[in-house]
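This report concerns only the one structure given below.
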Number of protein chains: 2
Amino acid sequence: MKDLPVEIQPEMCKVTDALGILVGKWKPVILLHLLNSGTQRFNELKRSLPGITQKMLTNQLRELEEEDIIERKVYAQVPPKVEYSVTEYGRSLEPILHAMHEWGAKHTIHKQSKKHNQAEAK
Amino acid sequence: MKDLPVEIQPEMCKVTDALGILVGKWKPVILLHLLNSGTQRFNELKRSLPGITQKMLTNQLRELEEEDIIERKVYAQVPPKVEYSVTEYGRSLEPILHAMHEWGAKHTIHKQSKKHNQAEAK
DNA sequence: ATCCACAGTATCCTTTTCTATACTATACCA
DNA sequence: TGGTATAGTATAGAAAAGGATACTGTGGAT
């Protein structure tokens, strides 16, 4: 998703900013996983996210790190050890994620009852 | 953004569902505009969203309509008249949008102070 | 000597999203 | 008779996101 022109309305752009951080095929899942399970190593995450490629995982983690949502801690060891965790600041997203989860759950029901009504109307 | 495998975690998928509705370069702007300004005709919207193409506007409006977030009302006239408005149900997204706006605003500040700190640390 | 685990890069390719531009029908107005 | 406004559709192409696969370095175990 590319950026919107800032001119449109100052207020709107803040929403898109927030959205930008959550957008990406794997970002919400990674975040929720780290919130649930706490600190995780790279390969632990990878194993928990069936289907993700290493490239994507690295890439999404880096983007979240950029925004100070998660933290990356490298241990000077061989084989390497890198731990990821949600920052204190990152936790401020929790209420939003929670609200979205609630809304999403209701929406699933809403769509089903809509379908049902349409079927009845025939 | 493609769908995530449902297997990962039921909880997570609801967040992505909600996100899916807001995702699209112009969807949040369109929604916020309709929430602020009430019912709008196609070309009114177009004029309020500098840079959007007709195709994109149609397309994003259709996707929001699909999800029952907005309503499309066609008047049998020539030249055509079509009005768009947020549904009662669509308004249930307002708290989330509001929360994202608030968070986005704080995030802008957060990023700036981070930059500032980094500059100082040199 | 060979293989494994770890945390990545690098490269190429496909799919999805977004943009640009041209085109449609029809009533009304000058 | 030609031009305007409305709400679109059609087509082609560029750009961005995501996927598949192969490769890297290194210490320890077999």
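Chain naming here is simple, since letters A, B, ... match the order of the sequence lines and numbering starts at 1 in each. Side chains are part of it too, since the values below use all heavy atoms of this structure and drop only hydrogens, waters and symmetry mates.
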Identify all pairs in which a protein N or O lies below 3.5 Å from an N or O of nucleotides 7-10 of chain D, and state each distance.
residue : atom : partner  : partner atom : Å
dA7(D)  : OP1  : Arg41(B) : NE           : 3.0
dA7(D)  : OP1  : Arg41(B) : NH2          : 3.2
dA7(D)  : OP1  : Val82(B) : N            : 3.0
dA7(D)  : OP2  : Asn43(B) : N            : 3.0
dG8(D)  : OP1  : Arg62(B) : NH2          : 2.9
dG8(D)  : OP1  : Arg72(B) : NH2          : 2.4
dG8(D)  : OP2  : Tyr84(B) : OH           : 2.8
dG8(D)  : N7   : Gln54(B) : NE2          : 2.3
dG8(D)  : O6   : Gln54(B) : OE1          : 3.2
dT9(D)  : OP1  : Arg62(B) : NH1          : 3.4

Inset, instruction - Just do the side chain to side chain contact (heavy atoms under 4.5 Å, CB included) check on Leu57(B) and Trp26(B) with the steps written out, would you? - result: CA-CA 8 Å; Leu57(B) 182 51; Trp26(B) 298 95; over 6 Å; no
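Between the Lys27(A) side chain and the Val23(A) main chain, a donor and an acceptor come within less than 3.5 Å of each other. With hydrogens and angles ignored, the 3.5 Å screen pairs a side-chain donor or acceptor of Glu44(A) with a backbone N or O of Arg41(A). Between the side chain of Thr87(A) and the main chain of Asp68(A), a donor-acceptor pair closer than 3.5 Å is present.
The separation between Lys25(B) atom NZ and dA17(D) atom C1' is 14 Å, rounded to whole Å. Across the protein-nucleic acid pair, Lys46(B) atom NZ and dA20(C) atom P stand 12 Å apart, rounded to whole Å. Across the protein-nucleic acid pair, Ile52(A) atom CD1 and dA17(D) atom P stand 16 Å apart, rounded to whole Å. Regarding Met56(A), its CE atom lies at a distance of 14 Å from the C1' atom of dC12(C), rounded to whole Å. At whole-Å resolution of the value, CD in Gln77(B) and P in dT4(D) are 22 Å apart. For the pair Asn59(A) CG and dA20(D) P, the interatomic distance rounds to 15 Å; values are reported in whole Å.
Here the side chains of Phe42(A) and Gln54(A) are in contact, with some heavy-atom distance below 4.5 Å.
Using five terminal pairs a side, the axes of the helix from dA1(C)-dT30(D) to dA30(C)-dT1(D) at its two ends make an angle of 30°, given in steps of 10 degrees.
Salt-bridge check for Lys111(A) with Glu67(B): passed, with a basic side-chain N closer than 4.0 Å to an acidic carboxylate O.
Here OG of Ser92(B) is found 8.0 Å from NE2 of His110(A). Values are rounded to the nearest 0.5 Å. Remark: Lys25(A) NZ to Ile30(A) CD1 distance equals 12.0 Å, nearest 0.5 Å.
Nearest-nucleotide mapping onto DNA chain C: of Gln60(B) and Arg47(A), the residue sitting toward the 5' end is Arg47(A).
More than 12 non-hydrogen atoms from other residues, nucleotides or ligands lie less than 6.0 angstrom from CD of Gln77(A).
Closest to the side chain of Thr53(A), from the set dG19(D), dG27(D), dC18(C), is dG19(D).
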